[in-house]
Structure formats: C-alpha cells, structure tokens
Asker: 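Pasting in a structure now, in structure tokens, and then I'll have a few things to ask.
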Amino acid sequence: METPVPAKPQKLQFIGKFAWKLKWPLIIMFALGIGVCLFYSILAGRYDLEKVWQIPERSFVYAHDDKLYSRMGGENRVVIPLGQVPDNFQKALLAREDSRFYKHHGVDYRGIARAMYRNIIHVSFKEGASTLTQQLARNSFELGGKNIHRKLLEAFVAKRIERHYSKGEILGCYVNRIYFGSGVYGLETASLVYFGKPASKLNLSEAATLAGIIRSPNRFSPARNIKGAYAQRDTVLDRMVTLKYITSDQAKKAKKSRLLVTKKRAFPFQENYAMDAVRNELASMLDDDEIDQGGLRIYTALDADLQKIADNAVDKHLTRIEGRGGWAHPKKAQAVVDSEADSTDYIQGALVAIDNRTGGIRALSGGRDYRLSRYNRAIHSQRQVGSTFKPFVYLAAFEQGMEPDTPIDDGPIVKGEVKSGRFGSWQPANSDGTYNGMQPAYYGLIHSRNTMSVRIGEMVGLDQTRKVAALIGLGEDKDIPNVPSIYLGAFETSLLKLTAAYTALANEGVLKKPYLIRKVVTAKGVVLFENQPEQMEIFDREATLKTSGILEKVLQTGTASSARGLGFSKRAAGKTGTTDSYFDAWFVGYTESLTCGVWVGFDKPKTIMNQGYGSVLALPIWVDLMENASSSRYPAGSLDVISPNESLPQEVGRKVEGFFDKIGKSIGKIFK
C-alpha cells in the first residue's frame with residue numbers, strides 16, 4: 001500500500017505560482033543588467049587610463065641663477081609623490097571621503113546601501129557614496145553631467161582604475177588632482193597657498209582643514225571663510241576619533257590650534273614683457289599640447305633683480321619727462337586700460353640687457369606698463385635706428401684701412417657728392433647746423449657728425465654697408481634699403497636685434513646669438529631643449545677695439561657725456577641715436593660684461609619734443625640700469641679698447657663742449 005504524498009501547503013503553492021509568473025520579468029531584468037554592465041564596460045574601456053597620471057600643472061620658470069622666477073601655463077598645481085603627503089592628511093582624507101578605501105575595489109556597495117537608506121529616512125538626496133577612485137575617475141575624464149549615466153560610467157571607469165593602479169598610486173594621484181578652492185589644485189599648492197608651507201610640514205589641524213573643505217572648497221576656503229573652515233576641520237577630527245585614527249586628546253589639541261592662513265602668494269607669478277617673451281620663445285620650441293600640459297621646468301637667462309630695475313627705470317624716467325612743463329602729449333596716468341591694444345597714445349620706452357659673456361638676455365622690458373598694453377616693443381616694434389648704426393659704418397672703414405685719426409671733411413655735403421644709389425642730390429646736414437672743416441675720423445663718431453659719417457659710408461660703399469647691417473643681424477639683405485641714407489641709420493629694426501648687434505663690439509668682434517631660454521625639462525626629468533650658445537666672429541679684432549675706443553669717448557666728451565652728471569661711474573662705451581624730427585630716441589652702450597639698449601618714442605611715430613635727443617630721453621634710463629646692475633655679477637672691468645689720440649683744435653673743442661654742456665644742463669633740470 002502506497003503512502004500518500006502530503007499536499008503542499010496552500011501558501012507555498014501560491015508562492016510557487018507567483019515565482020513562476022515572475023520568471024520572465026526576472027529573466028528580462030537579469031538580461032538587461034548583463035546588457036547594461038556589458039555596455040558600460042565597453043564604454044569605460046575606451047578611456048586611456050594612462051591619462052589618469054597625466055596631471056596638468058603650471059610650469060616653473062627659473063631665472064639665470066636657477067631660483068624660481070615665475071610660473072606659467074597649466075593649472076595652479078604642484079605635483080608631489082605620495083611619500084611627501086603626511087600621514088595625518090591621508091588619514092583625514094580617508095575619514096572624510098572614503099573610510100573603506102582599502103576594502104573596496106572602486107565601488108563601495110556597502111556605502112551605496114548606507115547612503116540610500118539615509119536618503120530615504122531623511123527624504124533627501126544629500127548623501128552620496130562616491131569612493132576616492134570614483135572621484136578620481138570624474139576628475140580625470142569628461143564623463144558627463146550629474147545623471148545616472150555619469151554615475152554608472154564613473155563606477156565602471158573606477159573599477160578599471162582599481163585594476164590598473166595600486167591603492168597607493170590612486171591615493172597619490174587623487175591628492176594631486178583634487179580642487180581646493182581659490183583656483184588651487186592639488187595638496188602641495190593648497191598647503192603653500194593657504195598655510196605658506198609644503199604639504200610635508202602640515203600639522204594635524206591644517207591637514208584636517210584641507211581634507212574638510214574638499215566637498216565645498218570655494219564655500220569653506222580658509223582664505224574666504226575661516227569660521228566655515230574651522231567647522232569642517234572639527235567635523236573631520238571627530239570622524240578620525242570615531243575611526244580610531246587619532247585619540248580624543250589629539251583631536252582636542254588640534255581643535256584648539258589656531259589656523260595661520262598666509263596672505264602672501266606662495267611663489268612669484270610675474271606678468272610682464274619678459275615672461276611674454278619667454279612664452280613666445282617656448283612656443284617656437286614645443287607644440288601646444290606639451291605647453292598646455294604644464295609641469296615643465298623652464299630655465300631662462302633672466303636676472304630677476306635686473307628685470308625689476310629695468311621695468312622700474314623705463315616707467316620712472318618717462319613719467320618724469322611727462323611731468324615737464326609744456327608737455328604737449330597725453331600722459332600715461334590718463335590712459336584707459338586696454339591690455340590687448342597694439343598701441344598707446346602716451347610716450348613709450350623699451351629696454352634690453354644682454355650678458356656679453358653668454359648672449360643670455362638678462363632683462364627685457366617692452367613698454368611702461370604690461371597691464372595697460374601687452375604689445376612688446378622690445379621685440380615686435382620696428383623703428384629707424386638713427387645714429388646708433390654709425391659705429392658699424394666706421395668699423396667697416398677701419399677694416400678697409402682707415403685709421404681713427406684719418407682726416408675727414410665735416411663741411412656741408414655738396415650736391416652730387418654722394419654717388420651711391422639714385423640720390424645724387426641728397427645733402428644731409430649736421431643736427432646742430434654747424435660745420436667744422438677737416439677733422440680726424442674719430443671726431444665724427446664721438447660727436448655724431450652726419451656729414452663725416454656719410455663721407456665715411458661712401459668710402460666703405462653702399463653694398464658693403466648693407467652686408468654689414470645684415471651680418472650683425474639687423475635684417476636680411478632685402479630688409480636693408482639700397483640707399484645711402486642707411487649710413488645715418490635710415491632703416492628699421494627691433495631694439496632686441498640692435499642691442500644684440502652691439503655685443504659684437506663688446507666682445508671684440510664676436511657676435512653671440514641672444515637667447516632667453518637655457519633649458520626645458522619635463523616633470524620626469526626629460527630634457528626637451530637645451531640651448532647651445534652660438535657665436536660667430538664677424539669683425540676684425542683690432543678694428544673693433546678702435547671702434548670701442550671711440551665709443552668710450554662718446555660717454556666722456558661726446559653726445560653721451562651727460563652720463564657722468566646722471567651718476568654713471570663705470571667704464572663703458574656706447575652711442576646715442578636720434579631720428580629725423582625727433583621721432584625716436586636711442587642709446588645703446590656696454591661695459592665689459594653687459595650690453596644694454598634703450599628706445600623711447602610713440603607707438604605711432606611723431607615728434608617727441610624739441611631737442612628730444614637720445615642723450616635726453618634714452619640715456620637716463622640706460623644709466624639707471626647699468627649703474628645699479630650688480631658689480632659682482634656684471635663687472636665693468638677694464639673694457640679692452642684702442643683709444644684714439646684726441647687732438648682737436650681748441651676752437652672746435654670749445655664749440656662741441658659748449659653744445660653738449662647745454663644738453664647736459666637740460667637733462668639735469670629734468671631729472672634733478
């Protein structure tokens with residue numbers, strides 16, 4: 001007899017029938033889940049995880065002595081290894097953002113469940129459950145806006161990151177990427193900006209503060225909301241106690257600690273013409289991606305002290321010029337800010353200083369105020385050089401056999417005398433309207449006599465003069481006009497090129513190519529560029545020494561003799577320059593180790609003022625920089641020259657000295 005099978009309870013039968021009915025919906029949901037996972041796995045797989053550690057940061061710019069000068073490009077961030085992140089910050093960060101960091105694999109499911117429960121209980125969506133890895137994923141890649149798609153993609157990218165990197169690498173990357181408010185990225189920069197110290201020196205109170213502001217950095221920035229920062233710090237400290245990262249006593253002590261928020265910038269950030277020039281030179285070496293990524297170490301030839309003197313000197317002396325009685329032009333003080341404008345209506349100036357020994361550009365000022373106009377007149381402005389070109393005409397003549405004491409006529413140029421070019425009727429005059437008959441050649445350069453310079457130019461020849469101008473880098477052959485007025489500098493070039501040309505005089509005939517950037521190195525130490533100093537012997541040494549000997553006299557008894565009255569005491573040589581109608585004023589001069597060029601004028605050429613000579617407008621700026629340049633860093637030295645044997649007739653000497661004495665007194669009144 002068979003034993004009857006007991007009937008299933010009615011309740012179980014109901015559950016079984018219900019489950020059977022749910023079979024297909026469950027299967028469909030499962031299939032959808034698999035599909036979603038597959039879709040987001042494929043989507044997440046498209047992201048290059050190597051970019052997680054390609055952290056953009058600003059590049060460091062160093063001066064010639066390898067001291068930090070400025071920063072540029074990228075985000076305001078300094079990347080540091082995890083070994084420089086203090087333990088107290090690591091614990092504060094985990095307590096605040098992800099206490100289960102070392103237990104999950106990119107997504108904390110327990111944390112998600114806890115957040116969902118709390119949001120339901122409080123009927124809100126204020127609590128999230130993003131792990132540090134998920135935050136790193138969205139800080140590293142563009143994953144979209146705040147929606148379910150982004151959250152899912154973020155989770156799958158986070159899981160990939162966890163498989164690709166170790167926990168230490170993830171934590172190290174996170175602390176370098178995180179935003180701390182006030183335009184500050186990364187722990188090192190936040191520590192420097194807010195507390196004036198490197199991250200490795202952070203105490204517990206400071207570490208807890210920085211960890212506490214991560215969720216709302218702009219709102220709780222210590223620089224803006226110190227009370228809010230204190231509150232966030234204390235919350236983090238309490239959480240650290242709960243997790244037994246620190247003791248209650250440590251927390252109490254940290255809470256009593258006063259946050260000393262620095263009000264100074266942690267590092268210099270220069271915005272001037274020199275940095276503008278560095279950026280331009282860098283752009284010619286590297287592509288945009290390399291520059292934008294930042295993290296470069298850019299070693300320049302700039303001298304921070306000399307650059308500061310240069311910027312101040314240009315504006316200071318031209319402000320004094322504007323303060324003269326009867327000044328007929330707009331003044332800088334009345335200017336409207338328009339930093340992108342290519343020109344201003346007030347008087348401008350520019351300065352370049354080059355180390356003769358290396359060719360390194362030590363200072364470069366392209367205008368009076370970078371905030372008002374970013375147009376760099378030292379590099380981009382092309383102006384007639386005037387009499388500053390005359391030394392090279394004389395030097396070329398010395399190479400052809402002329403001696404400094406060779407007699408040259410200072411009388412008026414007669415019609416038809418100038419044979420070069422198509423200008424047989426050209427009759428240039430001396431700027432002071434006087435003529436002194438036959439004089440030794442050196443007299444023509446010391447006192448910038450136009451008639452003598454033209455006659456010497458004719459001796460050299462127009463073709464050779466044009467070749468000399470191209471040889472010293474003032475332009476290509478096609479840029480130098482084929483007319484005899486070039487003997488008097490009637491052609492255009494930039495201040496940088498003209499100043500560089502004068503280094504050939506300072507270096508006894510050897511021209512050294514000027515440069516700003518010495519070396520560019522990546523954050524990983526890879527050298528992208530290293531300057532190889534270029535030099536070329538272009539002039540005969542003896543002819544160059546003769547020219548320098550005459551130019552030394554220019555500062556003693558010639559057109560720049562007022563330099564001594566302005567306070568200049570070093571041994572130097574140089575030449576003034578003034579163009580027609582006083583449109584441009586120049587002075588370029590050098591000591592044994594430093595060459596400096598100065599230009600003054602209006603962006604749209606016009607008469608600066610009556611008797612606006614280079615000695616009146618440009619020389620005082622040159623004196624300011626050269627006299628204040630460090631004697632130990634830029635020794636004036638002996639300045640090896642061959643001096644002319646001056647023997648001017650007394651009558652001529654009195655005329656010349658009287659003329660320049662008047663100019664000297666005029667300058668003294670301006671700068672008294």
Asker: Going by the salt bridge (Lys or Arg N to Asp or Glu O under 4.0 Å) test, which pairs reach into residues 611-625, not counting sequence neighbours?
Answerer: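 Residue pairs passing salt bridge (Lys or Arg N to Asp or Glu O under 4.0 Å), neighbours aside: Lys316-Asp624.
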
Asker: For residues 294-302, run the donor-acceptor check on the side chains, cut-off 3.5 Å, and write out each pair with its distance to 0.1 Å, sequence neighbours left out.
Answerer:
from: Arg297; atom 1: NH1; to: Gly295; atom 2: O; distance (Å): 2.8
from: Thr300; atom 1: OG1; to: Tyr62; atom 2: O; distance (Å): 2.7
from: Thr300; atom 1: OG1; to: Leu302; atom 2: N; distance (Å): 3.2

Asker: Assess whether a salt bridge exists between Asp315 and Arg368, defined as any Lys/Arg side-chain N lying under 4.0 Å from an Asp/Glu carboxylate O.
Answerer: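 Answer for the salt bridge query: yes.
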
Asker: Could you tell me the separation between the CG atom of Asn376 and the CG atom of Asp276, rounded to the nearest 0.5 Å?
Answerer: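 So the CG of Asn376 and the CG of Asp276 are separated by 5.5 Å.
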
Asker: Are Ser548 and Glu552 linked by a side-chain donor-acceptor pair shorter than 3.5 Å?
Answerer: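 Absent: no donor and acceptor within the cut-off.
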
Asker: Could you list all the side-chain hydrogen bond (donor to acceptor under 3.5 Å, both in side chains) pairs where at least one residue sits in residues 394-414, not counting sequence neighbours?
Answerer: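 Listed by first then second residue: Tyr394-Ser453, Glu403-Lys546, Asp410-Asn430, Asp410-Asn436, Asp410-Arg449, Asp410-Thr451.
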
Asker: Can you list every pair that meets side-chain hydrogen bond (donor to acceptor under 3.5 Å, both in side chains) and has a residue in residues 493-512, with sequence neighbours left out?
Answerer: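 Pairs touching residues 493-512 that pass the test: Glu508-Arg541.
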
Asker: Please list all pairs passing the ring pair (Phe, Tyr, Trp, His ring centres under 6.0 Å) test where one or both residues lie in residues 465-498, with sequence neighbours left out.
Answerer: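 As it turns out, the ring pair (Phe, Tyr, Trp, His ring centres under 6.0 Å) pairs with a partner in residues 465-498, which skip direct neighbours, are Phe389-Phe491.
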
Asker: Tell me which pairs pass salt bridge (Lys or Arg N to Asp or Glu O under 4.0 Å) where either residue lies in residues 581-590, with sequence neighbours left out.
Answerer: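 Residue pairs passing salt bridge (Lys or Arg N to Asp or Glu O under 4.0 Å), neighbours aside: Arg383-Asp584.
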
Asker: Start with the C-alpha distance between His447 and Val554, add both sets of side-chain angles, then the distance that settles side-chain contact (heavy atoms from CB on, under 4.5 Å), and finish with yes or no.
Answerer: CA-CA 7 Å; His447 302 294; Val554 170; over 6 Å; no

Asker: Give a yes-or-no answer on whether the side chains of Ser561 and Lys553 include a donor-acceptor pair shorter than 3.5 Å.
Answerer: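 Per modelled atom types, Ser561 and Lys553 side chains form no pair under 3.5 Å.
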
Asker: Could you check whether any side-chain N or O of Glu281 sits under 3.5 Å from a backbone N or O of Val278, counting only pairs where one atom can act as donor and the other as acceptor?
Answerer: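 It does not hold such a pair.
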
